[in-house]
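Atoms considered below: every heavy atom in the structure, side chains included; atoms not considered: hydrogens, waters and symmetry mates. Along the sequence shown, residues are numbered consecutively beginning with 1. This is a predicted model, so every value here is computed, not measured.
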Amino acid sequence: MASVLLAGCTSPPPAPLAPTAPPRPSPTTPPPSGLAGGVATGGIGVELLLATSPPTVFDADTGASAPMPGVPGGDRRVSVLRVGHTPVVLTAPPCHDTTCDPADAYVYQRGSAPQPLGKALSAAPGADGASVWLIRPDGPDLCRLEHVALSGKSFGPPTVASCRTVVRVETSHGLLITIGASADTVDVLIDPATGRTVQQAPRILASAGDRLVLGGLTDVTVLDLRTGARKVVSLPVPTPRPAVWPSRDGSVAAFDFGTPSWQGSLTQTRDLWLLNLTDYTWQQAPSMPYTTENLKHSGLDWTEAGDLVVADGVVGAWHPGEPAWRLGKARLSAAQQAAGVATS
């Protein structure tokens, strides 16, 4: 299967870069501390499932929190992803040297016991919003790719897959995966039914609806999978690999230009921008950049209503075009500060 997944493809040459504005002068003092905004009188209506151990359900308005029942805690690696409206949790023991045990996967259903999905090395949301793709371990260097419903029911027989495959997200155009070790990887969009390569690149930062966002050193290329058209867009902040979160409808993508060492200091900063994937314009979110102590332990997500949500000491929601962030009344404690996803 690996040889099929790594097959090359022919693509049209990239469009020329548009003229860019002169670079802005570098600031001499750190940005303000913390996410600024106003506490919303009526609340922001955001509940998160946080990747603590065990995972924590957190209400941004009331501060009510509770551990996800039936999931092991302690010293474990925890990650969360959202499948449609439903969070899925992967929890595993710590890695030892270069060896990592597979994770236990659970579906979080509000008001009911978690649904176990068995062991997995990685998991990705299905395009239908009601299923997941899993890399299952079968033995040393022996794995399989399986498509299962959130109820645990399998869709057809699994296929053989490399244990070095990381599944990321399924779209209407295929399943986005990453193959290889951390120092030598390739990102590939495949037809999961046949293993045929639909598109591949050294760095596919995100899949957003009918588009892929390909990473460059100082730019990104937006590839329209319907037409094959490519648009090169210069980055507003020079960084080789920003974190990217597409909105649920795929119309915009949030870019987190986080800096773990601002101007060589110990100061961490966050700078969120939105890229409109239709007209390729940038919009900087309000109160950016700001100084944070949670760069590696915070997360972003989008709500069904199109709000961008950030959990960084406080939970903030912002709808593109609004002048400021709406903040939840509750703050995250140090023990709760972790990446999370919206539960609806």
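- Rounding to the nearest 0.5 Å gives a distance of 12.5 Å between CZ of Arg76 and OG1 of Thr52.
- Of the possible polar contacts, none joining the Ser65 side chain to the Val57 backbone as a donor-acceptor pair under 3.5 Å is found.
- Side-chain contact, Thr178 with Asp187: a donor N or O sits under 3.5 Å from an acceptor N or O.
- No donor-acceptor pair closer than 3.5 Å links the side chain of Trp262 to the backbone N or O of Leu266.
- Not one N or O on the side chain of Asp61 forms a donor-acceptor pair closer than 3.5 Å with the backbone of Gly328.
- Under the 6.0 Å cut-off for aromatic ring centres, Phe255 and Trp282 qualify, their centroids lying closer than that.
- Distance alone, capped at 3.5 Å, is enough to place a donor-acceptor pair between the Gln337 side chain and the Ala311 backbone.
- Side-chain N or O atoms of Ser265 include one that pairs as donor or acceptor with a backbone N or O of Thr267 at under 3.5 Å.
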Query raised in the report: Can Leu214 and Arg203 be said to form a side chain to side chain contact (heavy atoms under 4.5 Å, CB included), step by step?
Result: CA-CA 6 Å; Leu214 313 180; Arg203 289 183 296 176; over 6 Å; no

Requested in this report: Starting from the C-alpha separation in whole Å, work towards a yes-or-no answer on side chain to side chain contact (heavy atoms under 4.5 Å, CB included) for Val83 and Tyr108.
Outcome: CA-CA 10 Å; Val83 181; Tyr108 171 74; over 6 Å; no

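- Aromatic ring orientation, Trp133 versus His147: parallel (interplanar angle below 30°, classes split at 30° and 60°).
- Pairs of residues two or more places apart, or lying in two chains, that qualify as side-chain hydrogen bond (donor to acceptor under 3.5 Å, both in side chains) and include a residue from residues 307-317 are Arg270-Asp312, Tyr290-Asp312, Thr292-Asp312, Asn294-Asp312, Asp307-His319, Asp307-Arg326.
- A donor-acceptor contact shorter than 3.5 Å links the side chain of Arg248 to the backbone of Trp302.
- A salt bridge is defined here as a Lys NZ or Arg NE, NH1 or NH2 lying under 4.0 Å from an Asp or Glu carboxylate O, and Lys119 with Asp101 fails to meet this definition.
- No donor-acceptor distance shorter than 3.5 angstrom exists from the side chain of Glu170 to the backbone of Gly126, with no hydrogens or angles considered.
- Atom CG of Asp141 has 12 or fewer neighbouring heavy atoms from other residues, nucleotides or ligands inside a 6.0 Å radius.
- Judged by distance alone, the side chain of Thr197 and the main-chain N or O of Gln199 form no donor-acceptor pair under 3.5 Å.
- Taking hydrophobic clusters as Ile, Leu, Val, Met, Phe, Trp and Tyr residues chained together by side-chain heavy-atom distances below 4.5 Å, Val167 does not share a cluster with Phe155.
- A continuous path of ILVMFWY side-chain contacts below 4.5 Å connects Leu308 to Met288, so both sit in one hydrophobic cluster.
- In terms of modelled atom types and a separation under 3.5 Å, the side chain of Gln115 and the main chain of Ser151 share a donor-acceptor contact.
- Note that OG1 of Thr165 is 5.0 Å distant from CD1 of Ile177, once rounded to the nearest 0.5 Å.
- Listed here is the closest heavy atom pair of Val252 and Asn276: CG1-CA, 4.0 Å.
- Rounded to the nearest 0.5 Å, atoms CD (Glu304) and OG (Ser247) are 10.5 Å apart.
- Taking Pro238 as the reference, nothing meets the side-chain contact (heavy atoms from CB on, under 4.5 Å) condition, with sequence neighbours excluded.
- Residues forming a side-chain contact (heavy atoms from CB on, under 4.5 Å) with Arg136 (at least two apart in sequence, or on another chain): Leu134, Arg144, Glu146, Val148.
- The heavy-atom pair separating Ser287 from Ala36 by the smallest distance is OG-O, 3.3 Å.
- From Ser122, atom OG reaches atom CZ of Arg164 across 13.5 Å, with rounding to the nearest 0.5 Å.
- No donor-acceptor distance shorter than 3.5 angstrom exists from the side chain of Thr56 to the backbone of Phe58, with no hydrogens or angles considered.
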